[in-house]
2 protein chains.
Amino acid sequence: MTRYQELRQTLNDEIAAGVFEIGGKFPTEFELCERFGVSRHTVREALRALEDNGLLSRQAGSGTTVLARKATALYTQTLDSLAGLFDYATDTVFEKRHEGFVTIRERLAETLGCSIGERWLRFAGLRRLATNGIAICWTEIFVAEPYSAIRSALGDATDPIYELLQRQFDLEISEVEQRISAISMPIEIAQALEAETHAPALLVRRRYFAGSANPFEVTLSIHPGDRYAHTQRLHRDRKRKAPSTG
Amino acid sequence: MTRYQELRQTLNDEIAAGVFEIGGKFPTEFELCERFGVSRHTVREALRALEDNGLLSRQAGSGTTVLARKATALYTQTLDSLAGLFDYATDTVFEKRHEGFVTIRERLAETLGCSIGERWLRFAGLRRLATNGIAICWTEIFVAEPYSAIRSALGDATDPIYELLQRQFDLEISEVEQRISAISMPIEIAQALEAETHAPALLVRRRYFAGSANPFEVTLSIHPGDRYAHTQRLHRDRKRKAPSTG
DNA sequence: TGCCATCATTTGTCCGGTCATTTAAGGTTG
DNA sequence: CAACCTTAAATGACCGGACAAATGATGGCA
């Protein structure tokens, strides 16, 4: 085993044993260099692994903080791509009906989860199955103003907007929040979807984050209740008596 | 932006543009050092990021291989326990209204996802917030017949039924499937919940598996659309291969 | 020909150092 | 007292170098 691997295991064990208080400060890189007689590079490599495991948090100027005793994830849902969020059987196409800037008012602020007065670029339209053209849902896509320049890059693109945003602005989606609620199908949307007005519908809101506390994109999808159900599966990935992580 | 970030983006773009053949060799670290006039450390940091994104594969002695044109990120939802499935803000209590065996007929077979003629033990009732007693949902719990002995063990237990089942029958829940759809609030349930009849409601079906292809427990929850929304968060995994703990 | 030792290549590990950026703390000033 | 400035300390970025380990090709030998 290499030095930084040994160091990582040693520190991992000490954290698990409760040597350091959770939320408290971890020794600095120089202190660890002295204590273990290794270079700063070796220490940083070990700390990096512990940070990846979610045990530590590091901040320039502030230092290293202990986040947890051990990595705990008992049940996980894994998606190979964000396309997995849209658990449709086949490919879909977006049929744009509206495009333009909106200024958020009270109603929309609540549903989108953003602040009143903000300006967002909005696309709205139908999403259809590519195979037979059946309309699955009404979709509204909101892009935060700083990124509204993608509007020109859209054109004939068939990629999801978050993919275009990632490329053009070098964003890395760090988190996606998905919120599902039941609403009554609005009249205009019912017409576009050829669905029954005021019938129960599924409202799916997805907020895309890239590091910041505010999302850079928010999408709303309204599905007729009889055409779509959201399904997810969670797998257990650790045995009951498993610990002995090191 | 730092140098290795710029380098990462440049190489990322070149890979995406098809400059390198998939499965073919990528330039060596030294070649990249010369070409971009940076140190090996900077190159390695950029390559590391590309490897984490699943674009490259590196092998000591052999070199670097191109795996894909586009980054295929992994997004995971992690739960420390199954209690995380119920994303209520506070504790809840179950108020039992019905208890007994049912034989599955056509309608129920479809909603539960089981076969006609099967016998299940059924509990039905209200779930209330422990703090203020507000009814959140109508809940129906179905336990497969082989485990119906749990009925006697229930009594005053406040634990979730899947916990009791796990203990009494030494089951280990391996998978949970959650299905969310929008329905119209049925009359009887609307009355019990003091909600509006035929208003949009959220139907959450959870099926609990323990190795077998058939669930040992299925629960249905019907939430008034204006009282509850289901929320889940997905995090991007920084690395495709799980970081080892040592 | 088939096998094995050798060697050059490439990535992995580790060392030393320097400067930049971020943060918290302390002191100064209006 | 609040706002600002300075300073120290910590992590982040970057450089140059050295050796280790893995790999694949080369060439000699039975």
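What you see is a predicted model; the values in this text were computed from it and never measured.
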Please report the distance, rounded to the nearest Å, between [atom1] in [X] and [atom2] in [N].
X        : N       : atom1 : atom2 : result
Arg48(A) : dG12(C) : CZ    : C1'   : 14 Å
His41(A) : dA18(D) : NE2   : P     : 17 Å
Arg8(A)  : dT13(C) : CZ    : C1'   : 14 Å
Glu45(A) : dT11(D) : CD    : C1'   : 15 Å

Exercise for review: Determine the interplanar angle of the Tyr147(A) and Phe169(A) rings, folded into 0 to 90°, and report it as parallel if under 30°, tilted if 30 to 60°, perpendicular if over 60°.
Suggested key: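 Perpendicular, since the angle between the ring planes exceeds 60°.
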Review point. Do you see a donor-acceptor pair shorter than 3.5 Å between the side chains of Thr64(B) and Lys25(B)?
Key: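 Thr64(B) vs Lys25(B): no donor-acceptor pair found between side chains.
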Review point. Are a donor atom and an acceptor atom from the side chains of Gln178(B) and Gln232(B) found within less than 3.5 Å of each other?
Key: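 No pair is found: no donor N or O on one side chain lies under 3.5 Å from an acceptor on the other.
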**Study point:** Tyr208(A) vs Leu165(A), side chain to side chain contact (heavy atoms under 4.5 Å, CB included): CA-CA, chis, key distance, verdict
**Key:** CA-CA 11 Å; Tyr208(A) 298 83; Leu165(A) 286 168; over 6 Å; no
So with a 6.0 Å cut-off around [atom1] of [X], is the heavy-atom count from everything else above 12?
X        : atom1 : answer
Glu34(B) : CD    : no
Glu99(A) : CD    : yes
Glu21(A) : CD    : no

I'd like to know if the side chain of [X] reaches the main chain of [Y], judged simply by a donor and an acceptor atom lying under 3.5 Å from each other, with no hydrogens or angles considered.
X         : Y         : answer
Arg69(A)  : Phe20(A)  : yes
Asn53(B)  : Leu55(B)  : no
Arg207(A) : Gly113(A) : yes
Arg128(A) : Glu95(A)  : no

Between [X] and [N], does any side-chain N or O lie under 4.0 Å from OP1 or OP2?
X        : N       : answer
Arg3(B)  : dC15(D) : yes
Tyr4(B)  : dA13(D) : yes
Thr64(B) : dT11(C) : yes

Could you write out each protein N or O paired with an N or O of nucleotides 19-23 of chain D at a distance under 3.5 Å?
{"from": "dA22(D)", "atom 1": "O3'", "to": "Gln59(B)", "atom 2": "NE2", "distance (Å)": "3.3"}
{"from": "dT23(D)", "atom 1": "OP1", "to": "Gln59(B)", "atom 2": "NE2", "distance (Å)": "3.1"}

Between the protein and nucleotides 3-8 of chain C, which nitrogen or oxygen pairs are less than 3.5 angstrom apart?
none

Practice item. Could you list by number each residue of residues 19-37 of chain A showing a heavy-atom separation from DNA chain D of less than 4.0 Å, or answer none if no residue does? Key: Thr28(A), Glu29(A), Phe30(A)
Point to revise | Given dT11(C), dT11(D), dC14(D), the nucleotide with the shortest approach to the side chain of Arg44(B) | key: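 So the side chain of Arg44(B) is nearest to dT11(C).
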